[in-house]
Amino acid sequence: MSRAINLALPEADVREICRASGVAISAIERLPSGGTRLVCTTSSGADEIRLRLASHLIEGAVDRFRFYRPSPTG
């Protein structure tokens, strides 16, 4: 199962729930439509969050902000 989860909750709430649950975060980002994309460091952590926050899961594909990486030459 994927370690990535899309949640209809603000980033700060997701961080706090993960901290309180002992679930380590690999990556986290705001979604343009609202909500948060969470990537847990372990699949067991992701399963824990899915169980705790089942009513806040966003199903299906979501839009994400584009990642911008400047070129090494400037």
Item checked: Contact check, side chains of I17 and L9, non-hydrogen atoms, under 4.5 Å -> yes
Note to self: For S43, give me all partners under side-chain hydrogen bond (donor to acceptor under 3.5 Å, both in side chains), at least two apart in sequence or on another chain.
What the structure shows: none
Next item on the list: Identify, with sequence neighbours excluded, every residue that meets side-chain contact (heavy atoms from CB on, under 4.5 Å) alongside R19.
Entry: E16
Next item on the list: Please list all pairs passing the salt bridge (charged side-chain N to carboxylate O under 4.0 Å, His left out) test where one or both residues lie in residues 27-38, with sequence neighbours left out.
Entry: E29-R64
Notebook entry, point to check: Going from SG on C18 to CG on L38, what distance comes out if it is rounded to the nearest 0.5 angstrom?
Noted result: 4.5 Å
Next item on the list: State whether the side chain of T36 and the backbone N or O of L7 hold a donor-acceptor pair below 3.5 Å, judged by distance alone.
Entry: no
Check: Which residues satisfy the side-chain hydrogen bond (donor to acceptor under 3.5 Å, both in side chains) test with S33, sequence neighbours excluded?
Finding: none
Item checked: Residues in side-chain contact (heavy atoms from CB on, under 4.5 Å) contact with S26, at least two apart in sequence or another chain -> R3, V39, T41
Check: Does any pair with a residue in residues 52-61 pass side chain to side chain donor-acceptor pair (under 3.5 Å), and if so which ones, sequence neighbours excluded?
Finding: S21-R52, E48-R52
Note to self: With rounding to the nearest 0.5 angstrom, report the CD to CD1 distance, E11 to I28.
What the structure shows: 4.5 Å
Next item on the list: Search all heavy atoms of G34 against all heavy atoms of I58 and return the closest pair with its distance.
Entry: O-CD1, 4.4 Å
Check: In chain order, what residues pass the side-chain contact (heavy atoms from CB on, under 4.5 Å) check against R50, with sequence neighbours excluded?
Finding: M1, S2, I5, A46, D47, L57
